[in-house]
There are 2 protein chains.
Amino acid sequence: MSGSRARTRQAIIDAAIDVLGRNPAASLGDIATAADVGRTTLHRYFADRADLLKAVGAEADARLARATAAARLAEGTGASAVQRLCQEYFDLGNVLSVVFNAALGAGDPEHAEPAGCDPEFAAMVERGYRDGTIDPELPADWVQSLIWSQLYAGWAYQGEMGASRHEVLRLILRTVAGAIAVRPA
Amino acid sequence: MSGSRARTRQAIIDAAIDVLGRNPAASLGDIATAADVGRTTLHRYFADRADLLKAVGAEADARLARATAAARLAEGTGASAVQRLCQEYFDLGNVLSVVFNAALGAGDPEHAEPAGCDPEFAAMVERGYRDGTIDPELPADWVQSLIWSQLYAGWAYQGEMGASRHEVLRLILRTVAGAIAVRPA
DNA sequence: CCTGATTGGAACATCGGTGTTCCGTTTCGG
DNA sequence: CCGAAACGGAACACCGATGTTCCAATCAGG
């Protein structure tokens, strides 16, 4: 019954993304309940919390990679590619929160990762410098940080204010576009 | 010896801001250690964790209010006031993280606060609409969200990358300025 | 110097989350 | 239909954080 195992496993991961997105400190019991599964069963699939978080991270990365591919970063001007990337990422919804919270928690144990961002992303920004649609004063790392912070802020804005998904996306795209645009002065 | 009490209390609060800024889930023991104080003493001043968090929040709000006053929101163009506000808030350093994390944690227990932002802040944005330095398409709430997210992103950027305080502030100011600027098109 | 305030440390009980074991029940597949 | 796999729930031990109590040491001021 390997089909059943895979289905249950995925249900747990999906529930975890949902619950942890809302509350990163949620207990395993909460996650199990959300997945309509006993806490015992959850432990049958993931030995400890770290295991589950690892699987959640992998799933999030996979969805992220899919969204990145869908944005076709190599096409059009640099700025237009940034717009598409924002749109695709925004559609990820709750996965955003998970990735974001994971990025925050990773800062503690002395990662000290001066690692540059994704090479495909960097290439997109470089192209933007050359075609005059992205401000050369802004490093690629900073552009990435800008996109993430705006996506997260928009996600929170949608939850706190009574703003529609569509309206928030419009605000995000407009704000990011203005932020990376080459200055007239 | 009421002077001693006030001094100890302040030392604990300062240590709490420092430690909680780095790790919002820090234990009371960690905070006491950082304050060079026994855990017992900490409990003497703050009955439980909630009490301490309340005091920390009050202190953060006070420093925030001082910074807001220093930015003189009523002077100059809307955009220039935003620049001054970013600069003042950036200087708050770790207090930023505390306020930010507090804002996140508050989202759970069904606050449902559609409350608009500070009236003084709203007036500044309104002025920006009229004097043509702030994009009228962006609600005041959104501008506030933008400023906060950029400040936080910049703070994180400074920690993760090896960027100087000054350089990060420059990036923040440039990014925010571009984001709120009226579009040429 | 002495008295009271302040402090730190040890010990203790409590609580929630975690991980494990065990057993009875349900469900799927041959 | 039958056996094995999967499941749920109860019970248990463990751990770290928390809050409380008690006592001895220290400090500050009259």
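Fair warning: this is a prediction, and the values are worked out from it, not measured in the lab. The sequence lines fix the lettering, A, B, ..., with proteins before strands; numbering per chain opens at 1.
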Ring pair (Phe, Tyr, Trp, His ring centres under 6.0 Å) contacts in which one or both residues fall within residues 62-97 of chain A, not counting sequence neighbours: A:Y89-A:W148

Spacing of B:I31 atom CD1 relative to D:dG19 atom C1', expressed in whole Å: 15 Å

All pairs passing salt bridge (charged side-chain N to carboxylate O under 4.0 Å, His left out) where residues 42-55 of chain B contributes a residue, at least two apart: none

Provide a list of protein-nucleic acid N or O atom pairs under 3.5 angstrom, restricted to nucleotides 13-16 of chain C.
none

Non-hydrogen side-chain atoms of A:L52 and A:I12 separated by less than 4.5 Å: yes

Partners meeting salt bridge (Lys or Arg N to Asp or Glu O under 4.0 Å) with A:R39 (sequence neighbours left out): none

By salt bridge (Lys or Arg N to Asp or Glu O under 4.0 Å) - contacts of A:R127 (at least two apart): none

Nearest atoms (heavy-atom pairs only) where B:V19 meets B:A26: CG1-CB, 3.4 Å

Whole angstrom value for the distance that separates P of C:dT27 from CZ of A:R5: 18 Å

Distance in angstrom units between B:R49 CZ and D:dG16 P, rounded: 17 Å

Reference residue B:P24; test side chain to side chain contact (heavy atoms under 4.5 Å, CB included); the match among B:V98, B:N101, B:L53: B:N101

Test item: B:T41 side-chain N/O and B:V37 main-chain N/O as donor-acceptor pair under 3.5 Å: no

Whole angstrom value for the distance that separates P of D:dA6 from CD of A:Q10: 17 Å

Contact list for DNA chain C against residues 33-46 of chain A - heavy-atom distance below 4.0 Å: A:R39, A:T40, A:H43

